[in-house]
Amino acid sequence: MTAQATSSIANLPVMGEMAHQSYPSATLYVVATPIGNVTDISLRALHVLSLVNAVACEDTRNTAQLMTRFGLHQPLIAAHQHNEREVAETLIARLQAGERIALVSDAGTPAVSDPGARIVDAVRAAGLRVLPLPGASAAVTALSASGLVNDQFYFVGFLPAKAKQRENFLTTLRAVTATMVFYEAPHRILDCASALAAVFERERQVVFARELTKMFEEIHRCPLSEAVAWLKADGHREKGEFVVLLEGAPAADEENDAEAERILKILLVECPVKQAANLAAQITGRKKNALYERALQLKEAM
Ligand code: SAM
């Protein structure tokens with residue numbers, strides 16, 4: 001950004017508006033920070049970071065670097081996954097004394113696959129105010145550019161690291177109709193793609209959103225059957241940070257389900273289970289295996 005651009009931002013009419021907004025004391029401000037491009041921070045986030053008494057952060061080195069880039073030097077308090085409960089006590093005491101404290105993580109929105117939820121929970125339980133400042137989150141950023149058309153998404157976050165647990169867990173998601181959102185580390189991205197391909201139908205669409213908002217950002221969409229080959233085709237593709245989006249299962253067609261069931265029931269009176277399922281598949285165009293399973297259940301109940 002040029003010096004001229006920076007000074008014109010400082011002179012924007014909205015800056016005066018922001019300074020006149022209310023920033024209550026005795027409040028925990030949950031502040032989202034950029035996921036790569038440092039200039040994605042909001043004006044309000046910068047303002048709040050400049051006026052708080054302290055910033056509770058996942059890693060003081062990372063937050064110190066971020067703050068320095070904006071010319072900010074507020075005291076930092078380490079608040080990571082191993083000390084969240086204890087640090088919550090300290091923060092509550094300071095908030096009760098009337099301080100304003102910001103909570104940030106290393107990147108993106110605190111408490112989303114990041115530390116912060118326990119602190120927020122404790123602060124709320126103490127009857128103190130929590131004020132969120134929205135900003136970047138890798139999941140929503142990836143969804144917005146994926147082109148996957150679905151009004152619903154299911155945030156999974158990180159998958160279990162062990163292969164068997166990962167596969168078992170993925171199996172529980174087979175019927176989810178919402179777009180699924182996974183976070184993945186670069187050293188596990190190939191394993192993740194292979195596990196998805198082993199568990200879900202290979203024609204489902206998958207999106208790899210890599211290094212979002214950074215210099216080597218890449219957003220690739222393909223059928224699951226091509227995912228592993230795409231990752232392997234270029235060594236760089238297994239590097240960086242990833243959000244993986246997976247198309248959901250087709251939504252159940254309740255009207256057609258009811259019609260198939262009605263036909264099955266009629267056929268089961270006259271035919272054996274297998275024949276009833278075959279005939280119902282021919283009449284309705286639905287999958288024979290699913291109809292056979294349902295026919296077995298209906299027969300048992302007859
Ligand atoms: N709290 C963050 C948020 O709101 O998105 C997520 C933090 S989580 C510890 C880090 C994971 O988020 C990474 O492993 C990756 O899956 C995803 N992620 C973060 N930044 C990303 C980026 N720039 N591009 C793609 N994925 C990213």
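Please read all numbers here as calculations on a predicted model, not as lab measurements. For ligands, and for the atoms within them, numbers begin at 1 and follow the listed sequence. Because only heavy atoms are used, hydrogens play no part in the values below, and waters and symmetry mates are left out as well, while side chains stay in.
- Within the 4.0 Å heavy-atom criterion, neither part of E217 lies near ligand 1.
- Backbone and side-chain nitrogen or oxygen atoms of R210 are examined, and none is located within less than 3.5 angstrom of a nitrogen or oxygen of ligand 1.
- Exactly one residue among E218, H236, E241, E184 makes a side-chain hydrogen bond (donor to acceptor under 3.5 Å, both in side chains) with R210. That residue is E218.
- Taking every heavy atom of both residues into account, I35 and K214 meet most closely at O-CE, 3.5 Å.
- In terms of protein heavy-atom proximity, atom 2 (C) of ligand 1 is closest to A107 O, 3.2 Å.
- The single protein non-hydrogen atom nearest to atom 25 (C) of ligand 1 is E241 O, 3.2 Å, given as residue, atom name and distance.
- Here NZ of K162 is found 15.0 Å from CG of L159. Values are rounded to the nearest 0.5 Å.
- If you look at A209 next to ligand 1, the close heavy atoms, those under 4.0 Å, all belong to the backbone.
- Annotation for V120 and V30: closest pair CG2-CG2, 4.0 Å, computed over non-hydrogen atoms.
- The nearest protein atom to atom 8 (S) of ligand 1, hydrogens excluded, is given as S113 O, 3.5 Å; this is a heavy-atom distance.
- Between H220 and W230, the ring-plane angle classifies as parallel under the 30° and 60° cut-offs.
- Note: an N/O pair closer than 3.5 Å links T109 and ligand 1 by distance alone.
- In summary, the atoms of ligand 1 found under 4.0 Å from a heavy atom of E184, numbered by their order in the structure, are 14 (O), 16 (O).
- Judged purely by atom type and a 3.5 angstrom limit, T172 uses its side chain to pair as donor or acceptor with the backbone of F169.
- Nearest heavy atoms, A295 versus L268: O-CD1, 3.8 Å.
- Here the heavy atom of the protein found nearest to atom 18 (N) of ligand 1 is A138 CB, 3.5 Å.
- At a 4.0 Å heavy-atom cut-off, ligand 1 does not touch A32 at all.
- Distances from ligand 1 to the non-hydrogen atoms of G36 include no value under 4.0 Å.
- Between I35 and ligand 1, at least one N/O pair is under 3.5 Å apart.
- Nearest-residue assignment for atom 23 (N) of ligand 1 (options L212, T213, T33; heavy-atom criterion): L212.
- Taking each of F208, F158, F155 in turn, the one with a heavy atom nearest to atom 11 (C) of ligand 1 proves to be F158.
- Nearest heavy-atom pair, R204 versus R174, reported as atom, atom and distance to 0.1 Å: NH2-O, 3.0 Å.
- Remark: side-chain polar atoms of E238 are not paired, donor with acceptor, to backbone N or O of P186 under 3.5 angstrom.
- The protein atom (non-hydrogen) at minimum distance from atom 16 (O) of ligand 1 is F242 O, 2.5 Å.
- Nearest protein neighbour of atom 7 (C) of ligand 1, counting heavy atoms only, is D114 OD2, 3.3 Å.
- For the atom pair CD of E261 and CG of L298, the computed distance is 5.0 Å after rounding to the nearest 0.5 Å.
- Annotation: A185 places no N or O atom under 3.5 Å from an N or O atom of ligand 1; distance criterion only.
- R221 CZ to E226 CD: the interatomic distance, rounded to the nearest 0.5 Å, is 12.0 Å.
- If you number the atoms of ligand 1 from 1 as listed, the ones under 4.0 Å from a heavy atom of S137 come out as 3 (C), 4 (O), 5 (O).
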